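In the text below, chain A, chain B and the rest are named by the order of the sequence lines, each starting its count at 1. Just so it is clear, the structure is predicted and the values come from calculations on it, not from any experiment.
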Amino acid sequence: MAEITLVEAVNQALTWEMSHNENVLVLGEDVGVDGGVFRATVGLLEKFGDERVLDSPLSETLISGASVGMATQGLIPIAEIQFMGFAYSTIDQILNHAARMRNRTRGRLSCPMVLRAPFGGGIRAPEHHSESTEALFAHIPGLRVVIPSSPIRAYGLLLAAIRDPDPVVFLEPKRIYRLAKQEVPNNGDALPLDVCFVLRPGNDISVVTWGAMTHEVMAAAERLADQDVSVEVIDVATIKPLDMKTILESVEKTGRCVIVHEAALSGGWGAEVAAQVAEHGLLDLLAPVRRVTGYDTVMPLYRLEDEYMPSTDRIVNVINEVLEFA
Amino acid sequence: MAEITLVEAVNQALTWEMSHNENVLVLGEDVGVDGGVFRATVGLLEKFGDERVLDSPLSETLISGASVGMATQGLIPIAEIQFMGFAYSTIDQILNHAARMRNRTRGRLSCPMVLRAPFGGGIRAPEHHSESTEALFAHIPGLRVVIPSSPIRAYGLLLAAIRDPDPVVFLEPKRIYRLAKQEVPNNGDALPLDVCFVLRPGNDISVVTWGAMTHEVMAAAERLADQDVSVEVIDVATIKPLDMKTILESVEKTGRCVIVHEAALSGGWGAEVAAQVAEHGLLDLLAPVRRVTGYDTVMPLYRLEDEYMPSTDRIVNVINEVLEFA
Amino acid sequence: MHIKNYTHRHSGKVAQFEVRFTRYLDNKGNVVNTPLPSWANKSDVLIPLYKNMIQTRKFDQAALNLQRTGRLGTYASPLGQEAIGAAVASSMWAEDVLVPSYREFGAQMWRGVTMTELLLYWGGDERGSDYQVPREDFPVSIPVASHCCHATGVAYAFKLRKQKRVAVCCLGDGATSKGDFYESLNAAAAWHVPAVFIISNNQWAISIPLNKQTSAQTLAQKAIAAGVVNEQVDGNDLIALRAVTERAIDEARFGEGPRLIEALTYRLGDHTTADDASRYRSQAEVEEQRSNDPILRLRSYLLNAGLLTEADESELNQECERNAAAAVEQYLATPPQTARSMFDYLYAHLPDSLRRQRDALAGQQCDG
Amino acid sequence: MHIKNYTHRHSGKVAQFEVRFTRYLDNKGNVVNTPLPSWANKSDVLIPLYKNMIQTRKFDQAALNLQRTGRLGTYASPLGQEAIGAAVASSMWAEDVLVPSYREFGAQMWRGVTMTELLLYWGGDERGSDYQVPREDFPVSIPVASHCCHATGVAYAFKLRKQKRVAVCCLGDGATSKGDFYESLNAAAAWHVPAVFIISNNQWAISIPLNKQTSAQTLAQKAIAAGVVNEQVDGNDLIALRAVTERAIDEARFGEGPRLIEALTYRLGDHTTADDASRYRSQAEVEEQRSNDPILRLRSYLLNAGLLTEADESELNQECERNAAAAVEQYLATPPQTARSMFDYLYAHLPDSLRRQRDALAGQQCDG
Ligand SMILES: Cc1ncc(C[n+]2csc(CCOP(=O)(O)OP(=O)(O)O)c2C)c(N)n1
Ligand SMILES: Cc1ncc(C[n+]2csc(CCOP(=O)(O)OP(=O)(O)O)c2C)c(N)n1
Ligand SMILES: [Mg+2]
Ligand SMILES: [Mg+2]
């Protein structure tokens with residue numbers, strides 16, 4: 001089996017599900033002939049035709065809102081927003097409509113849609129192309145927010161997201177779109193939503209992260225292993241709703257917790273994780289929960305983006321501080 | 001001096017500042033002839049004319065985006081969004097433009113605007129009229145988010161918000177628009193931004209809250225005082241940026257902390273407060289930080305809204321649990 | 001200083017447009033345009049429509065009364081706009097989908113939404129949007145114009161599945177200022193889907209009169225921006241409205257693409273029960289508009305045409321009043337939902353992490 | 001089953017519109033429309049415009065070269081659209097405000113933005129938006145169409161202060177599908193402000209051709225929705241463009257309200273350096289469009305009219321090339337900002353709570 005990248009895994013999942021469920025369609029800017037600016041939808045037009053692979057006008061509000069309409073009819077629209085920086089005008093539709101359609105109609109109508117968007121920094125992209133604002137979506141009741149961190153998880157989680165009967169925002173860390181390859185069996189098997197994945201077991205400290213940052217965290221864990229520090233790495237994956245069970249069990253074991261994300265610190269989703277660890281795991285904690293995150297600044301243009309994003313060094317340093325805490 | 005309500009205090013601040021600074025203008029839906037659906041802008045049209053009291057077309061994106069344009073010209077637009085439930089389409093403008101205009105132009109242009117919106121439940125309002133989603137704005141770097149909790153603070157904080165050289169989202173808890181009256185000297189004195197207000201000193205527990213919930217919290221504190229429990233009540237007021245100094249000093253003294261807000265629990269701004277208290281105040285804490293909040297559900301239609309919102313009873317119960325923690 | 005007298009010469013016209021207007025009855029119910037549509041002398045067509053308008057008004061009176069006595073929340077009266085709902089809904093097929101604004105009770109009722117459901121909704125109970133009959137119709141959209149996108153999406157689903165169905169979206173004049181209205185129209189045309197947008201131009205968006213809302217002379221012309229066929233109609237003339245909506249919906253159904261109709265009407269009441277329209281418009285204006293009442297107009301026409309007697313009418317009125325009263329009774333007798341119902345429809349399957357919250361709700365606490 | 005033959009009769013037309021088109025030069029530079037504008041035989045008017053177009057192209061070549069060699073980030077080439085910037089900017093007054101898209105370097109350079117600044121911006125350095133000359137001009141807007149709202153706001157400020165200034169907004173064809181474009185136009189008209197919107201209709205929005213973007217026959221007609229005066233112009237014909245933009249901007253300046261101009265052009269290059277246009281459009285189409293090159297067209301006209309010699313031209317080319325090279329050098333020699341500069345312009349006064357983060361940045365950690 002050939003190894004594929006994360007973005008190819010996204011494509012493979014889309015292709016699988018569109019082949020097996022005629023209700024599934026994709027729409028968005030440049031998703032058709034162009035195959036998406038990151039090529040996530042490449043080949044779909046040829047396979048499924050231009051009615052199921054729908055190039056839309058340049059209108060994010062409409063893309064999300066039309067998806068709501070389609071979804072109430074039992075279609076499963078997978079809407080691509082070209083970059084997360086252009087997804088803010090979808091919040092009105094996602095929050096006021098998609099995420100509450102089932103609730104407000106007492107189950108009469110529902111909204112099985114997926115809103116995909118690449119996010120995060122690290123590819124020297126232009127202004128507004130590198131932000132991580134997952135927390136804005138994750139605060140919305142009735143929604144799911146899912147972030148894959150590897151080709152395998154991209155494939156399995158995207159299938160799960162498409163099959164989920166409720167709306168899912170699926171955020172793809174574009175920095176790792178092509179960073180690493182994995183064998184991804186194209187068997188249509190979904191991974192479970194709503195649960196964290198333990199990427200690496202460990203006993204000394206729990207590091208909780210998601211998306212592209214899993215790579216820096218794994219690298220940090222490797223490096224610390226050389227110093228005989230055993231780091232447990234948890235990939236949250238579905239950040240909303242949050243599987244605190246896995247995280248708390250880990251902290252119970254390790255007594256220490258660091259949270260790592262690219263997004264700005266204040267009100268980032270790490271705050272929710274930290275708050276819950278601190279509340280429910282207080283008696284287990286041997287040191288304060290620390291967060292290693294982007295700063296509360298505007299994501300800088302690309303010359304400084306590496307300074308903004310948590311590096312393996314920063315992560316290792318904070319882990320060491322937490323380990324030294326007494 | 002006559003006593004006035006919170007919404008009257010808003011009006012008084014607007015009137016003062018428009019009288020003293022000709023660069024200030026208000027715009028929004030129904031702000032002119034009608035004086036705003038809550039009457040916050042009543043009388044302004046007569047005093048300042050229809051060029052400075054501007055009834056806009058029904059377009060929230062435009063209201064926020066035009067304000068950005070005005071602000072770069074040195075005007076100070078005060079944009080009213082009729083209800084927070086209709087403010088989501090402003091996030092694109094607020095996040096992508098207003099909050100970063102200064103940063104992205106290295107100070108060449110700036111964005112001294114105020115976006116006002118009533119928020120919160122408790123007035124039996126229709127669907128989409130009762131949510132509390134302040135966390136969506138508070139996560140945005142470069143922005144300020146300010147929430148008054150009394151007529152005096154509405155007056156002083158709104159003046160400060162208008163005078164602040166950067167964009168401020170000013171959220172008005174509509175449930176207490178007319179709940180209580182205070183004497184509010186109309187002297188143009190602003191209150192400081194970026195600092196919490198201690199509404200009631202106490203020694204046994206710190207309760208951190210903002211907006212309308214200050215009333216339930218103060219009532220809880222009263223009730224607990226009868227049981228000889230001394231509650232320190234902190235009104236965060238400027239939730240972004242967050243004055244953790246005041247909060248941490250309080251927790252250092254009391255050793256216990258409860259956070260109360262109407263918004264949904266997960267990713268609510270209480271998470272940020274809790275995370276920071278747990279990190280920086282860990283050694284002071286005698287019990288886990290607890291949050292009393294709305295549920296992670298869609299804000300229900302009004303028949304059940306009282307069940308959704310933190311009540312004095314719920315707050316008292318949680319405070320008691322925290323006090324009993326050993 | 002003034003503008004120079006520029007002489008630049010256009011090379012030619014590249015596009016031309018016009019907006020047409022239809023009216024059959026003047027405001028006294030006299031026929032001013034012939035021939036009338038073929039059904040205009042058929043009581044089996046017109047009496048049900050007339051009844052729907054009466055029923056809508058009786059419902060409105062009942063709802064306003066409930067609100068005034070503290071038994072209903074904020075409520076938006078359709079007074080004076082009753083012809084639109086009747087015309088639009090009666091031009092639809094049952095399998096079409098209505099995507100309504102918050103003021104189109106007549107259309108909703110025609111399609112089977114019960115008055116009890118409407119009251120429950122405005123009375124703060126989600127079950128009011130769980131329509132037992134038009135299962136696929138949308139609940140009302142409070143966020144103005146955001147539902148236009150839904151109509152485009154629903155219509156797209158019809159097109160994809162080659163169903164001969166139409167999505168019909170009702171919106172107000174104020175809604176036409178919103179970007180999502182325009183985006184929806186533009187995409188509906190680009191995708192050539194069976195969506196029909198009906199603007200109830202009642203001249204006001206709360207306190208904002210049409211001339212502050214837009215400089216466009218008509219709202220129908222907004223469709224030109226999207227390349228959508230459009231027209232304007234007297235929205236208080238049931239005959240004209242039905243002729244226009246029936247054709248537009250039929251055309252959309254059979255592959256002619258989206259349509260936009262501007263129906264000229266007038267909001268005789270306050271914006272909602274939370275509003276006091278006397279703050280911003282004159283009583284004289286409202287009084288003058290009363291003579292355009294769509295019910296009176298159709299009534300005159302029906303009486304003149306011998307399609308209705310005064311006796312029929314009084315019976316009709318009584319029946320509609322009884323129906324409204326029965327709905328009020330049923331509404332008031334409906335016990336509230338349990339608090340934990342907040343969680344029942346949040347997700348198809350409640351995530352584990354929310355079970356604690358749901359259980360805590362019984363115990364009156366929420367702390368994750 | 002098909003559509004019935006409906007007979008409903010319109011009562012009349014209530015509005016009529018047309019879109020007019022202007023061209024003076026055909027694509028060989030021959031005059032096809034007379035009389036020409038009065039300045040069309042003035043070298044002191046036309047040569048600077050021609051030079052701006054050449055400079056824009058030389059800059060473009062330099063930028064593409066930097067990008068290909070890894071010394072510039074993703075970059076959006078204006079190749080083939082150079083006439084628009086020259087015409088628009090030269091029709092503006094210095095005190096007007098330009099609210100540009102990300103492809104209007106010619107206009108920006110005319111107004112005083114330096115090539116070094118442009119390179120810094122696309123090279124990932126915020127200082128590139130700190131224009132030293134047009135201090136009030138907007139930085140480019142990456143979020144498509146969102147800047148239209150800014151133009152309306154800026155124009156409102158001018159109106160409020162009774163300044164005879166104009167806000168000029170440049171946008172693309174794709175941008176016209178966005179709701180904020182429409183909202184901005186509608187409000188600009190409702191408020192009657194001096195804003196001029198220039199659509200560079202280069203036929204493509206990344207891979208989306210115009211006919212997938214909208215069913216409107218022209219983009220000029222989008223203005224009809226807002227009641228805004230509009231017209232279409234050959235966007236590769238500098239003479240026509242300038243005649244049209246000059247008048248529109250002048251009219252807006254002197255109180256005639258907003259204007260919209262659709263300039264027909266063609267994007268000869270890839271969308272950006274991250275794009276590969278051969279995936280979605282034929283080389284034949286591009287080749288055909290090369291004959292419409294606005295620089296070649298103006299060049300032929302100028303040579304024919306005796307306003308330019310081949311010697312002038314080669315000097316001009318060399319000068320522009322030298323300028324571009326100097327800018328490249330300056331750009332490459334500019335040391336990066338310090339990491340802590342992230343905090344320097346975040347707020348006018350850095351809140352206390354952020355000082356810790358700023359200080360931590362030096363120590364490579366951020367944990368509140
Ligand atoms: C997006 C949004 N903004 C503001 C409001 C508040 N609001 C409710 S109705 C209304 C006016 C709507 O006017 P129009 O579209 O003409 O409909 P009408 O009420 O006249 O039927 C406003 C501003 C809202 N519901 N949604
Ligand atoms: C709101 C938004 N959505 C999507 C994008 C991604 N994007 C960048 S340019 C572009 C196409 C713009 O086309 P057009 O307006 O015709 O301008 P052109 O690039 O042709 O000059 C898209 C989709 C964006 N920048 N902003
Ligand atoms: Mg209206
Ligand atoms: Mg284009």
Review point. So do the side chains of C:Val144 and B:Leu58 get within less than 4.5 Å of each other, counting heavy atoms only?
Key: yes
Revision key, fill the gap. Honestly, the part of C:Leu120 sitting under 4.5 Å from a heavy atom of chain B is side chain
Exercise for review: Mark yes when over 12 heavy atoms from residues, nucleotides or ligands other than C:Glu288 sit less than 6.0 Å from its CD; otherwise mark no.
Suggested key: no
Practice item. Please step through side chain to side chain donor-acceptor pair (under 3.5 Å) for the pair B:Glu127 and C:Tyr102, ending with a clear verdict. Key: CA-CA 11 Å; B:Glu127 204 173 4; C:Tyr102 47 79; over 6 Å; no
Practice item. Mind checking the CH2-CG spacing from C:Trp122 to B:Leu301? Nearest 0.5 Å is all I need. Key: 10.5 Å
Practice item. Select one option (side chain, backbone, both, neither) describing which atoms of C:Tyr121 are under 4.5 Å from chain B's heavy atoms. Key: both
Practice item. Could you tell me which portion of B:Val42 (side chain, backbone, both or neither) has an atom closer than 4.5 angstrom to a non-hydrogen atom of chain C? Key: side chain
Check your understanding: Taking atom CG of C:Leu354 and atom OG1 of B:Thr297, what is their separation to the nearest 0.5 Å?
Key -> 8.5 Å
**Study point:** Region of C:Ala145 in contact with chain B, defined by heavy-atom distances below 4.5 Å
**Key:** neither
**Study point:** Within-4.5 Å side-chain heavy-atom neighbours: C:Gln337 and B:Arg303
**Key:** no
Check your understanding: Can you tell me how far CD of B:Glu60 sits from CG of C:Asp180, rounded to the nearest 0.5 angstrom?
Key -> 9.0 Å
Exercise for review: Quick one: closest heavy-atom pair of C:Ser207 and B:Asp30, and the distance?
Suggested key: OG-OD1, 2.6 Å
Check your understanding: With only heavy atoms counted, which part of B:Val37 is less than 4.5 Å from chain C, the side chain, the backbone, both or neither?
Key -> side chain
Exercise for review: Using a 4.5 Å cut-off on heavy atoms from C-beta on, say whether the side chain of C:Gln357 contacts that of B:Leu265.
Suggested key: yes
Review point. Judged by atom type as modelled, is there a donor-acceptor pair below 3.5 Å linking the side chain of B:Ser59 to the main-chain atoms of C:Ser177?
Key: yes
Practice item. Answer yes or no: is there a donor N or O on one side and an acceptor on the other, between the side chain of B:Tyr295 and the main chain of C:Arg358, under 3.5 Å? Key: no
Review point. So which heavy atom on C:Leu72 is nearest to which on B:Arg124, and how close?
Key: O-NH2, 3.9 Å
Practice item. Report the C-alpha distance between B:His129 and C:Ile142 in whole Å, list the side-chain angles of each, state the deciding distance to 0.1 Å, and finish with yes or no for side chain to side chain contact (heavy atoms under 4.5 Å, CB included). Key: CA-CA 9 Å; B:His129 282 68; C:Ile142 296 290; 3.3 Å; yes
Study note, to complete from the structure: The reported gap from CZ in C:Arg356 to CG in B:Asp296 (rounded to nearest 0.5 angstrom) is 11.5 Å
Point to revise | Residue-level contacts of residues 80-91 of chain B with chain C, using a heavy-atom cutoff under 4.5 Å | key: B:Gln82, B:Phe86
Review point. Does the side chain of B:Glu307 come within less than 4.5 Å of C:Arg340's, by heavy atoms?
Key: no
Review point. Crowded around C:Glu329 CD? As in, over 12 foreign heavy atoms under 6.0 Å?
Key: no
Check your understanding: Quick one: which residues of residues 208-222 of chain C reach chain B at under 4.5 angstrom, heavy atoms only?
Key -> C:Ile208, C:Lys212, C:Gln213
Review point. In Å and rounded to the nearest 0.5 Å, what is the NZ to OG1 distance from C:Lys178 to B:Thr61?
Key: 7.0 Å
Practice item. Counting only heavy atoms closer than 4.5 Å, note whether C:Ile206 contacts chain B via side chain, backbone, both or neither. Key: both
Exercise for review: Supply the atom-to-atom distance C:Asp276 CG to B:Asp34 CG, rounded to the nearest 0.5 angstrom.
Suggested key: 8.0 Å
